[in-house]
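Only one structure is covered here, and it is reproduced in the block below.
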Amino acid sequence: MEEDLNKDFEISEINDNRQLEEETVQHLNNPVTDLKAIVKQYLTSVKSVKKEGNRFYFSDGEAVVEVRVVSDETIRVRLAPHGVFLADFSYAVEQVDQKVTTFRLQDTPDAYLIETNTITCRVSKADFLISFIDNITGIVTSSDASPMHWEENVEFGGYYVFATKQCHPEENFFGLGDKSGNLNLRGRKFTNWNTDAYSYGWDQDPLYRTIPFYMGINQGETYGIFFDNTFKSYFDFGMEDNAKTSFWADGGELQYYYIHGPHMMDVVKRYQSLTGTHQMPPQWAIGYHQCRWSYYPESKVREIVDGFRSQQIPCDAIYLDIDYMDGYRCFTWNKKYFPDPKKMIKDLANVGMKTVVMIDPGIKVDDNYWVFKEGKEKNYFCRRSDDYFMEGHVWPGRCQFPDFTNPEVREWWGGLYKELVDMGVAGFWNDMNEPAVFGSGTFPNDVRHNYDGYRGSHRKAHNIYGMQMVRSTYEGLKKLQRNKRPFTITRAGYSGMQRYASVWTGDNVATWEHLKIANIQCQRMSISGVPFCGTDIGGFSGEPDGELFTRWIQLGVFSPFMRAHSAGDTREREPWSFGEPFTSVNRKFIELRYKLMPYIYSVFWEHHRYGFPILRPLAMLEQDILSNHFRQDEFTFGDKILVCPVLEQGATSRRIYLPKGKWFNYWTLELLEGGNEYMVDTPLDTMPLFVRAGTVMPEYPVMQYVGEKNIDEVWLNVYYSDYEVNSFMYEDHGDTFAYEQDIYLEKKFSAKGNDSSFTIEQTIDGLYTPNYELYDFRIIALPFNVGKVWVDDKEVSDFVVNERGILRFKSNKNFSKIKIIKG
Ligand code: GLC
């Protein structure tokens, strides 16, 4: 063991000079001298153990496994086949160690047990199998089916690394972020290799993003595995062998985090605390956005913006796709199409429309183009193994590509946005960053990357390239915009990308099948740690008819990122392009997004601050009900709204399942008992929505864009419940980072009633002062006639009960307790 740790020391020395690539270092340390090395090798038996702080090193004589107690519920496992660990560096995890209460090592005849407060990691002595056990229930949630193993990679150096776990007959799997098939991953196999997947289909794999994180629900308990490895990786959920779940990668380290639940929500939150949450976006960014490839020239852009304002369809942002640039050169303008962009952007801003522009990674090879010249002079573009620059064709023609894995390059790139920011551009859209190259698809494997000093080939850096591009964008904007929150979107990414950007799901298609994919994809991204996700509403390629577009808008209201987008060769795709009745329904639903803005914004906060996913599938809501592991076409947005999108052409009704509890139909206010299925009517102007009984749901008046009107009253719709329900509302400045200094308000409401009274209590936390003074209450479905209404110790005399039985009255915004008493 001593010797092994010395080796570890040696390698960190080599890493420190940061010249050799990690794969080469592994290779030099263990040159392949005979064929034995090329077959799979397995850990044998545990020969020794050593403890160092919160890390335990188990050795079979040659290979070493590090088990690190990350928190009471999270344990990290790493394998060093010849006792030499790679540098402990991750783009996904910024802070490995979390809160640990206590842990201890027990030496039993058969196994070593590392026990935390909640879980035990068992390392069996005879065969080196590792398993994880819930201390309370004794359930073994995850267990190796064979010892960790590896195979020498003779071509590139390093190892292919493998882990194989047991798969319980009734175990179901979720996560992995960007996949286009069923939500439940059981029985399927996946590859992670960021890919420009134009017009992808159902179950096509791989797609644009790599999130090597999954959850298993095993015997009623959820656990997660985060395989933090940026090489091409693979997951098999009982496909090749029904009793086994495996994951492996083409290189790098076998390193994974075991994250305990027992609820799926716990696992997501813990995964989120490892890889980070999304920052609060500027509030306008959660409004409706209109995009197209491309709106140009300027007169067209103005025409579209006028269209929104004259037709009174709310919209917060308009996008300029690649054609705004001069010959697709990033950070330039086509002056023929946009002679005075600054003025245009200002005029648009005056009517509340924010301008978002596209920036791609491919930089045109052109010595007269300042970005190319600077990048070349500073040696910032990627090179091949033979020292040539990596060149490939993208929109501008022949291009070179910045190495965003170099911190100096990121710093430079972040600064390039200055001129656009100064002009008033409000958001940035990073595309083609898988990276995509015409013809070859992406870079060849031999391209060299800095990888923040831990040098490596494109095999290691491919999946991280897009995330590092948008990171550089985000960090640059954060400096340039000072206190204003950046808004960025990226197409490619890796776990942790949520710290820097929102995402859209790439080039989908205008089909009903794609509407189903969209619905599942956003849920999956949400429980995989990437909450701010949306799809091209209407489908990027192909032509939706009015019905499909409208149904997509309806789903889009409940996609965290709501943007319509379409390819250049398609017909017009604005919310009014399909005529009536579609325009009116589209307007009604986009208005709904704006009405629900304070709720939606609060759900973003719950994510940012506490790590809750924004969209929650039924498997998460009721993981103990097996049939819910297969229900994938409805979800809740936050905790309070159940969304049942209409996904079938011509549907006039659909079957829905209501989770346990009581729910109000949002449209009819009918009260339904959960735990049951129902048939619900779905005329074109309705998408079934249900609100949990007991909810206090804040609403804003309809606005044409965020901030159009001063809010002088916030509506609080309260849905009666005879059991106590807590709701939550968050408020802040909407576009600054003052919330980092607690300049925000978190309001908690709790509501509960009985046959003769109903009470609503409020607690307020934080230092923000909203401009409005009053709440306008609408109390829905009180089971008694109202006699008196008390706001704290004042009786309200001017309450009214309308024809739908809804009680209306106003209160000051700082009330503590409201009591409504039967008359
Ligand atoms: C890619 C993007 C798409 C964009 C197009 C042109 O296909 O995915 O959204 O419109 O490039 O820039």
Side-chain angles (χ1 to χ4, degrees), residues 281-292 294-321 323-325 331-359 417-429 477 480-489 561-565 572-577 583 586-587 590-591 593-595 597-598 601 700-712 732-736 738 770-772:
Q283 198 171 63
W284 65 262
I286 54 179
Y288 173 72
H289 296 193
Q290 184 67 35
C291 185
R292 178 152 174 87
S294 301
Y295 288 130
Y296 73 90
E298 177 177 329
S299 55
K300 182 75 190 173
V301 176
R302 288 178 184 272
E303 180 194 317
I304 298 296
V305 172
D306 288 349
F308 277 98
R309 296 300 178 246
S310 63
Q311 309 222 30
Q312 292 282 288
I313 297 179
C315 182
D316 257 282
I318 185 145
Y319 284 57
L320 303 182
D321 203 322
D323 299 284
Y324 80 91
M325 301 176 201
F331 307 103
T332 67
W333 287 88
N334 179 322
K335 287 292 171 95
K336 201 168 112 233
Y337 297 153
F338 295 96
D340 190 351
K342 190 169 180 182
K343 172 149 193 329
M344 178 191 78
I345 292 167
K346 187 157 180 278
D347 291 347
L348 300 185
N350 285 341
V351 292
M353 194 69 87
K354 275 61 85 184
T355 304
V356 179
V357 305
M358 153 107 36
I359 292 288
Y417 290 90
K418 180 162 188 335
E419 206 178 308
L420 293 169
V421 168
D422 289 347
M423 266 182 195
V425 175
F428 294 91
W429 172 22
L477 293 176
L480 293 169
Q481 298 183 177
R482 270 172 262 123
N483 281 330
K484 273 177 96 185
R485 301 175 195 166
F487 173 64
T488 47
I489 342 175
F561 177 51
M562 186 186 187
R563 184 187 75 161
H565 182 39
E572 291 179 333
R573 203 72 82 67
E574 290 75 49
W576 56 84
S577 303
T583 306
N586 296 339
R587 181 186 295 108
I590 297 174
E591 286 179 352
R593 174 96 175 185
Y594 283 78
K595 282 194 208 165
M597 186 59 73
Y601 195 56
Y700 280 171
V702 171
M703 299 194 211
Q704 297 309 302
Y705 55 90
V706 165
E708 185 204 16
K709 294 181 186 153
N710 280 331
I711 309 278
D712 32 47
D732 69 9
H733 287 290
D735 63 352
T736 73
N771 287 331
Y772 65 89

Taking all non-hydrogen atoms of both residues, which atom of Ile359 and which atom of Met325 are closest, and how far apart? CA-CE, 4.4 Å
Any salt bridge between Asp316 and Lys354, counting N to O under 4.0 Å? yes
Leu420 versus Trp333: any side-chain heavy-atom pair under 4.5 Å? yes
Any idea how Phe487 and Phe561 line up, ring-wise: parallel (<30°), tilted (30 to 60°), or perpendicular (>60°)? tilted
Spacing of Tyr700 atom OH and Tyr594 atom OH [to the nearest 0.5 Å]: 13.0 Å
Does atom CG of Asp422 have more than 12 heavy-atom neighbours, drawn from other residues, nucleotides or ligands, at distances under 6.0 Å? yes
Does atom NZ of Lys346 have more than 12 heavy-atom neighbours, drawn from other residues, nucleotides or ligands, at distances under 6.0 Å? no
Do Arg563 and Ile489 come within less than 4.5 Å of each other through their side chains, counting heavy atoms only? yes
How about Ile286 and Arg593: do any of their side-chain heavy atoms sit closer than 4.5 Å? yes
Between Glu574 and Lys300 (salt bridge meaning N to carboxylate O under 4.0 Å), is one present in this structure? no
Does atom CG of Asn350 have more than 12 heavy-atom neighbours, drawn from other residues, nucleotides or ligands, at distances under 6.0 Å? yes
Atom pair CG (Leu348) and NZ (Lys343), whose distance is rounded to the nearest 0.5 Å: 10.0 Å
Any donor-acceptor N/O pair, Arg587 side chain to Ile313 backbone, under 3.5 Å: no
Between Tyr295 and Tyr324, is any pair of side-chain heavy atoms under 4.5 Å apart? no
Between Pro701 and Ile711, is any pair of side-chain heavy atoms under 4.5 Å apart? yes
Report yes if the side chains of His565 and Asp321 come closer than 4.5 Å at any heavy-atom pair, otherwise no. yes
Work out which heavy atom in Met703 is nearest to a heavy atom in Glu708; give both atom names and the distance. CA-OE1, 3.4 Å
Under a 4.5 Å cut-off applied to non-hydrogen side-chain atoms, are Tyr288 and Tyr705 in contact? no
Check this for me: does any side-chain nitrogen of one of Arg302 and Glu298 sit under 4.0 Å from a carboxylate oxygen of the other? yes
Over 12 foreign heavy atoms within 6.0 Å of CD, Gln311: yes
Apply the ring-ring contact (aromatic ring centres under 6.0 Å, His included) test between Phe428 and each candidate in Phe331, Tyr417, Tyr319; give the one that qualifies. Tyr417
Going by heavy atoms in the side chains, are Met353 and Arg309 under 4.5 Å from each other? yes
